[in-house]
Each structure stands twice: as C-alpha cells, then as structure tokens.
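Structure record follows, encoded as structure tokens.
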Amino acid sequence: MSGFSDDMPFFDEPGARPPAASGSAGAPSGIAARAMAARQAQNAPPDYLSGLNPEQRQAVETTEGPVLVLAGAGTGKTRVLTTRIAHILATGRAFPSQILAVTFTNKAAREMKQRIAMLVPEAVEGMPWLGTFHSIGVKLLRRHAELAGLRSDFSILDTDDVIRLIKQLIQAEGLDDKRWTPRTFAQMIDGWKNKGLGPEEIPEGDARSFGNGRGRELYRAYQARLTTLNACDFGDLLLHPIRIFRAHHDILAEYHRRFRYILVDEYQDTNTAQYMWLRLLAQRPRASSIQPGEGRARDGAPGDVSPAPAEGQPPQAAVRPVSEDKPTQQINICCVGDDDQSIYGWRGAEVDNILRFEKDFPGATVIRLERNYRSTAHILGAAAHLIAHNEGRLGKTLFTDQPDPDDPKVNVHAAWDSDEEARAVGEEIEALQRRKHALNDIAILVRASFQMRSFEDRFIEIGLNYRVIGGPRFYERQEIRDAMAYLRVVANPGDDLAFERIVNVPKRGLGEAAIRQVHDTARALSVPMLQAAANLAESDELKPKPRAALREVAANFARWQDLLETTPHTELAETILEESGYIDMWKNDRAADAPTRLDNLKELIRSMEDYESLRAFLEHVALVMDADKNEDLDAVSLMTLHSAKGLEFETVFLPGWEEGLFPHQRALDEGGRSGLEEERRLAYVGLTRAKKNLHIWFVSNRRIHGLWQSTIPSRFLDELPEAHVEVNESGSSFGGYGNPYGASRFDNVGSPSGGYAKRGDQGNQAFSSTYATPGWQRARQNRTEATSRNWGTRSGHAVERIGYGEADSGYGAGRGSVKGRTIDGELVAKSVADAPSAFRIGDRVFHMKFGNGNVSAIDGNKLTIDFDRAGQKKVLDSFVTAA
DNA sequence: GGGTGTACATTTTTT
DNA sequence: ATGTACACCC
C-alpha cells in the first residue's frame, strides 16, 4: 500500500545500492581508496589509532573472531566501538552495509553514528544496520512481514495500546479485570517475550498463574488479536525475526552472508530474546548445538559460505579476503559491556549472557579496559571497594593514571529530612556556582523519582535552574497520543486500537453502546472497525445521531486516506486535526493546560517535517523515546540513577542513601541477594558518574506514601573505604540511629559531640549545639506551618526530647516488633505485618523523634498522632510506644 | 454522556 | 499525600 520501502534500502532488492548518498554506488571508491592508503602506509598506523591505549587498541584491531570487551565505567567504551568500526571500514574488511551494530537506546545509536562520521565521514550514510535492537528488528520484520502473518505496513503498539487491548481480552474471557489486571498480564507477556517464549512455550506454572489458569489462552488470544490488527508489540519486533530465522534457513543464510561483523553495545543488558537473536545471526552455519533452544544451527549449506558475493559486496580484489586461513563464516562478533553496570535485571536483562560469553563463543578474546579517564582516585577507590562486595563478577579494577593529591575525597553528609537535604544541596550548588562551576556539569542522581520533588521545590524557591531528565515524555501526552491515533488509522486502517481511541474524540455523541455495535459488527464480518463503521452508517441499525456521526468519521478517513498519496504528510496531519475537530476541541477547552496542548500539537507537526513520509514518522515515534531537551540552558540535571548510566558530571550529588530507599526495599524483598547486588551495581553506577566531586547524602526522616518513617543509613555507606571518604559533620542534623548491621561510623554523623547515637547512650546534651541549625529552624517552621501550635518558645526542650530522651524504649520496642528477613546473616527485608494496631484513639504515646502525643486516628498499623510539639503526623505504630 | 466520588497504588525504564 | 482510574449516578 504505502510507499515506505523508498527509505529502506534492502540489500536483496534488485540493484541494491550500497552506500547510497556517498555517490559511490557500485565501487567503493572512497572507502577502497582509504583502504589502499591504509595498507600502503602499513608501517605508520593510521591516525585514528594513535590516541588509543594498548588495551583499547587491541580491542580495535582484533577484528576477527569473537571478542568480549569488558569496559569499565569511563574507560572509553564508545571510543573503542566507533574506532573499531572505522578500522574495519578503513582497512576494507567490509562495506558499511555489512556491519551490524546494535545498541539499546536511540541515544547510543545516534552518538555512535556521529562519532563514526567524525572518523570516516563517507561511511555513515551507508550504515543501515546501525541501530537499536528494536529498530533493526522493525527493519527485518518489514522486509519479511508476511512470514509472520503481517503486512509490511503493520503498526507498532506501545505499552498503553497493549494494556487496552489486553483489557478487552480479559473482559471477553469473562474474567474480573480487577482481580486480574491488564497491567499485570501485559508485564507477564513482556517477561515471556523477553525470554523468547511464545504462547505454546511458556511454563505451565506461568500459564496457570493468571486468569484462573487461562494465561496461555489469553496469551494466544492476544497474539491472534495482534495479527488481526496487523500490529505487533515491542517484544514481537525481536521475536518475529527470531521465528523467521529459525523457520527459513535461506533467509537467515542471506543475513549470514550479509553481516561480516557484528558489534553489540551494553552487552550486559541483553535479555534472552536479544541473546537468541544475536546467536542466530552470529552463529557459524555449521556450528552444532550450542544453546538449548538453539539446536537447529544447521542451515546454510556448510560449504558455500565463502563470500558468496551478493549484490553490493565489495569486489574481492579491493578487499582483503576474510581470513582465508580460517574456517569460512568466521564469527566476527564483538560484544562490549560491563557486568558491574548491569542494572536492568528487573526488566529481563540477563547478566549471565556476559558472564557466559567465553563459553558461548569458544576461543573468544577477552579484553579488559580498566584505565579510567573520568574520575579521581578517591572516587574510583570508593567505587571499587563498594562493588567488591558483589559476588559473581568477571572482575575488573579501575585505575587512573593521573592521581592528584589535591583531589577531594568522597563526601558523606547527613540531614534531618528530605527538605533539609534539598536545602543543603541547594546551598552547596549555589556555592559552586559562585566559584564559576557550570551548572550543566552538576547532577543530582536519585534512586526513585519521588525524591526529585523536594529538590524541585527547593530549586524553584531559590531560583536555581534545573532540568529533569527522563520525565513524562512528549509522545506520552494525551493530545499527542490522540493525534497519533488519527495518523495511525490513516496509515493502517486495520489499527482498531487507534480507531477506538479517537472515534469519539472529540465528542461526537458516540456512546458505549454505539462503539460496542461497531465492535461487534467488525468481529462478525472480520473487518476493521473503520470498515464496520462505514457499513453501519449505511444501515439502520443505529439511531440517527450516532449513525450520522459514524458516517462522517468514515467519510473523513476515506478522504484522508486518499490524500495520503498526494499530500505532503505534514499538511495532511494539519488537515486531519482541523477537519476532525480535534484542534477545535482544545481551542474550546478552558482548562489551564489547553494552550500548552495546542502548542504540543504544533510541535508534533513541526517535528514531522524531519521525516520523509507519514509512515517513517510514525515509526520514529513508536520507537524513539527522547524528549528534546534544552541544551542551551545552564542548569543542574536531576534524574534517576538508571537514566544516568553512560553520563558523566564534574560534580555529582547522590541523595537518599538510606535503607529501604537505597537499597530499595522492594528490590530486596523481590530480588533477595541478587536484588541487593543489583542495587549495589546501581550505587556503583552512581559513584562512577562523578569526575571530581562526589557528595552522598542520607537523611534520618523521610516521608514515604504520606507517612513519616525513621530511616537508617544505607549499608552501602558502610561499604565505602575510609581512606577515600570524608564524613562531613557540619552537623545540621541528627544522623543515624544505630545500624542493625553492627556499629557503623555513620552512627555518629551529625552529632558534634558524638556518641549520642549509640544505643543506650544518654546523649541529650549532644543537641544543645544542634537545635539552632538551619535544618532545625526549617524543620520547626514546617511544623509550625502545619499545625501552628505548641511549638514556639519551648523548642529547645523539644529538641532535647526528640533526640534521645527515652529513645531506648521507644526505638528498641519499635524495632523489635519488626521482623526481618536475612540472607547470609544480612538483614534484607523488613516487611511490616498488617496486624491491627495495639493502640487506641486517645492513647498517650511516645515517638523517638516527634516526642509525646495523643493518638487521634488509627488506620490499620498507621496512626495519626497529635504530637505535643511536632504537630499532627501519620506514623507507623511500630515507631511509637505507650508513654 | 458527563460529572462526582471512591478505591487503590506508589522503584528503577527502553523500545 | 496525591494522583489516577473506574464506577456509579444524574
């Protein structure tokens, strides 16, 4: 139908054009010339190699055979990857189109393209196979769609579409969608697909665990529905090609001939499906059973392998033959990764893939990059000591060539609560700013996004520029998704999900009943809903009003589809949004954000200009996540630790190092030891983002889900080496309250005279010099604002009180009631039982921080207490005792 | 079909 | 505490 194939140069098309835009169709003039030059000048290494250290250079020059590059943080990973590609090209080992280079994110792919362009300018246009797993998957699937039961104009559904679809299926099965939530099932399917499992392959137990044992049927129905919709989800972008490769050896063989070199970025993040996909492509045709489930290795005729020059292959003369002395179809796969930075286990990544590499690819060369160009010796020392607490590593130790005795140690600070934490970080940043430190070179990396809020509040208050990275994405906004739904129906009339989304947006008087009717008709006739709507509009099965509405919708789409051929896509999009009444809908909306939404729609249309066709644009939006950010502004970056991977900053703040938050309680509860190790790797990633200054913070009180919790410092703090760490005792807070893992040097943080924090110490006097600190003033202010009573002149007493008056009984009793789960003797989980509270309304109670108060309401184990001094708070009953 | 009330969940995120 | 999603009622 659509003419999308223009922008996809498939190699086996007649007259396949190699490096198109370079104008070198046929003869690789530019590249070959370069290759010649390179070989003529063999004595002097090409200049792109000259800046590499010996390990990097080895990684670049070991082009043949399987290679694993273990690239620690800041060791020049991307540089190796891009130089390696440049090297392969410059030496004439392959054409750009014969290199498969996969990344996880579009950002990484883009960066790689840019950097290759700097090294080999003429090559990039011809690297059609550099991209994310998913974008390459789409490309493969568009080419062979019919083998997966799809048409090549299939839609790609995002998570939201998938959930809506599954909801329909669950309801169709007569299941309660409260008991069996679509979200849960969508996650299950995602998990199965990550493992490469289709409906028939999932374990019986999994199948039974959902929807009264109907999991397998539901999954099957889901896949059937996708086929009907001519759509696939993200998982299918990998799974369909895998199936096709397995079932059609001739097609796989084509790609075997095609891809001479395979490069994989962030290999530690690959999941099982991606692994299988890579194995299929990298496998030597003759290779026998290497992998369970991968047994059918034999395909392409073993003998024929040697460069059966397909169209567009470099003339043999110009190319150094692919290692004549080695067996044919050499596996030239190079995986780059860092097992210590594997932080995506929760979404299916298998660290094992990287740990197993040498077994998977016998004879592999393993190269370690440990020379770090980013961080100071203190930071590296801290990171190394921390990560050494993990088991099952391949083992690497980062080092730096340039230790500087003036480098600051890693700083650890304590704060009373998250507001004070934000306030103090804000002050530190302002101080840096006065010293001309660029804000762009400062980042705050949090474990969970709710932590960002206190920083945002504070930064707004003091007028500090900041940017949040990884927030709600542009294309996830309602108005964008609506607009996209219109476009999707035009591009793929079978996209019922999109149709349903907008059939009554703006309101056209089509209620649930009318839509159901369209749905049923579509099912009965096995046609898309759009078609069914057109039919219904001509029948008398509906009341006049909805009938007229449907007729108009159907006529509109018919007209738009005609325009698709003749009208530029941006213009078409404008027409659609105008004629559908969608623009007017927002113009008439009095909501405060309506103008913003209109702006977003304009921006959407503007961004379409960057794409050749409607379908190219739709694909971009389906696959690309990036929100455009304002790079010009000098601003502090605020993001989660996960989204910080791969970035670096001069100065990094890591707030929230408290048990339960970091490591996160849920990671511990659900992941046990390996969950803890992943959290530790996350900490490692955080530490290694910093070039020079690193500040870690923890607080003693955090409000989680609306109630106050006392917190204890993260065990990770205890895993930092003293030699590289400086505990900052500027003393604006009350630090830890004892650490269940034994004495911790952080127990005393924040106590000028020390010692109060030790259990049993009578440390009241310790606070005399502390209560007047800004943190306290602020804390007090908050309380005053909240309750405006009982908190004026007696604050001094209150401070003493709150500190440790009867702490032993209070704390001890509270803690003692919480049972913990342990792994190897380490406390890992402390789930609080939902036992009815032992307290009653009106009871006089004591809380270790807020002092005495009266219980005013009880909700399970959550108490609302009117504290004498601290005002009304909600706290867990395990944190108070009868007074 | 739209508006109001209640119930529930709330780590991390890419494609 | 706070937001969202759904159910129910007008």
Side-chain angles (χ1 to χ4, degrees), chain A residues 102-109 131-138 156-159 162-164 167 171 176-178 181-184 187 190 193-194 232-239 266 269-271 273-274 342-349 445-453 469-473 475-476 478 504-515 545-546 549 619-627 639-646 656 660-671 675 678-679 681-683 685-686 703-708 786 862 864 872-874:
Chain A
V102 253
T103 64
F104 276 82
T105 64
N106 292 294
K107 196 177 155 209
T132 64
F133 277 101
H134 292 84
S135 67
I136 290 172
V138 174
I156 300 164
L157 304 187
D158 68 18
T159 322
V162 168
I163 286 174
R164 282 188 302 140
K167 189 174 174 189
Q171 287 170 343
D176 178 5
D177 64 355
K178 281 282 159 28
T181 67
R183 238 182 90 90
T184 311
Q187 282 163 359
D190 201 49
K193 291 194 171 177
N194 284 159
C232 61
D233 62 18
F234 285 123
D236 288 341
L237 298 179
L238 288 168
L239 283 195
E266 304 282 15
D269 287 337
T270 49
N271 62 36
Q274 286 154 343
S342 164
I343 56 176
Y344 286 110
W346 50 274
R347 66 177 196 211
L445 312 181
V446 296
R447 172 67 244 262
S449 45
F450 74 86
Q451 290 174 262
M452 291 184 189
R453 193 150 148 198
I469 297 187
R473 304 197 163 68
Y475 87 102
E476 279 171 357
Q478 184 192 339
N504 198 34
V505 180
K507 299 271 184 288
R508 300 187 174 97
L510 292 165
E512 200 184 327
I515 294 174
K545 218 165 110 188
E619 191 158 301
H620 165 81
V621 177
L623 291 175
V624 168
M625 305 287 293
D626 335 295
M639 69 188 97
T640 63
L641 285 161
H642 283 91
S643 38
K645 194 165 89 161
L661 177 58
F662 193 33
H664 199 282
Q665 194 58 49
R666 210 149 142 184
L668 302 180
D669 285 344
E670 290 169 11
E678 183 156 312
E679 293 288 288
R681 290 192 291 265
L682 196 50
V685 167
R703 200 166 44 179
I704 296 169
H705 310 329
L707 45 98
W708 284 93
K862 297 170 201 161
T864 303
Q872 195 181 69
K873 296 280 174 220
K874 277 191 179 179

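Note: hydrogens, waters and symmetry copies are ignored here, and every other heavy atom, side chains too, is used. From a predicted model like this one, the values you see are computed outputs, not experimental measurements. Within every chain, numbering begins at 1; the chains are lettered A, B, ... in the order of the sequence lines, protein sequences first and strands thereafter.
Under the ring pair (Phe, Tyr, Trp, His ring centres under 6.0 Å) criterion, H642(A) pairs with Y344(A), W346(A), not counting sequence neighbours. Applying the side chain to side chain contact (heavy atoms under 4.5 Å, CB included) rule to R183(A) yields the partners I163(A), T181(A), Q187(A); only residues at least two apart in sequence or on another chain are considered. Looking at residues two or more places apart in sequence or on another chain, you find a side chain to side chain donor-acceptor pair (under 3.5 Å) between T640(A) and S643(A). Considering only residues two or more places apart in sequence or on other chains, T132(A) meets the side chain to side chain contact (heavy atoms under 4.5 Å, CB included) condition with T103(A), N106(A), H134(A), S135(A). E679(A) meets the side chain to side chain donor-acceptor pair (under 3.5 Å) test with R447(A); sequence neighbours excluded. For Q171(A), the side chain to side chain donor-acceptor pair (under 3.5 Å) criterion is met by D177(A), not counting sequence neighbours. By the side chain to side chain donor-acceptor pair (under 3.5 Å) test, R164(A) is found to be paired with D161(A), residues two or more places apart in sequence or in another chain being considered.
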Could you go through nucleotides 7-10 of chain C and list every protein N or O atom that sits under 3.5 Å from one of its N or O atoms, giving the distance for each pair?
| unit_1 | atom_1 | unit_2 | atom_2 | d |
| --- | --- | --- | --- | --- |
| dA7(C) | OP1 | K178(A) | NZ | 3.4 |

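If you measure from atom NZ of K107(A) to atom P of dT13(B), you get 13 Å, rounded to the nearest angstrom. Between the CD1 atom of I343(A) and the P atom of dT12(B) there is a distance of 13 Å, rounded to whole Å. In this structure, R347(A) places its CZ atom 9 Å from C1' of dT12(B), rounding to the nearest Å. Atom NE2 of H620(A) and atom P of dT15(B) are 11 Å apart (whole Å). In this structure, Q187(A) atom CD and dT14(B) atom P are separated by 15 Å, rounded to whole Å. With rounding to whole Å, I163(A) atom CD1 is found 10 Å from dA5(C) atom P. With rounding to whole Å, N271(A) atom CG is found 18 Å from dT13(B) atom P. As a whole-Å value, the separation of D269(A) CG from dT14(B) P is 12 Å.
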Start with the C-alpha distance between L682(A) and H664(A), add both sets of side-chain angles, then the distance that settles side chain to side chain contact (heavy atoms under 4.5 Å, CB included), and finish with yes or no.
CA-CA 11 Å; L682(A) 196 50; H664(A) 199 282; over 6 Å; no
Per-nucleotide protein contact string for nucleotides 1-11 of chain B, where B marks a base within reach and S marks sugar-phosphate only (heavy atoms under 4.0 Å, - for neither):
SS-------SB
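Nearest to the side chain of T640(A), among dT14(B), dT15(B), dT12(B), sits dT12(B).
Looking only at side-chain heavy atoms (C-beta outward), T105(A) and K645(A) stay at 4.5 Å or farther from each other.
At the phosphate of dT14(B), neither OP1 nor OP2 sits under 4.0 Å from any side-chain N or O atom of N106(A).
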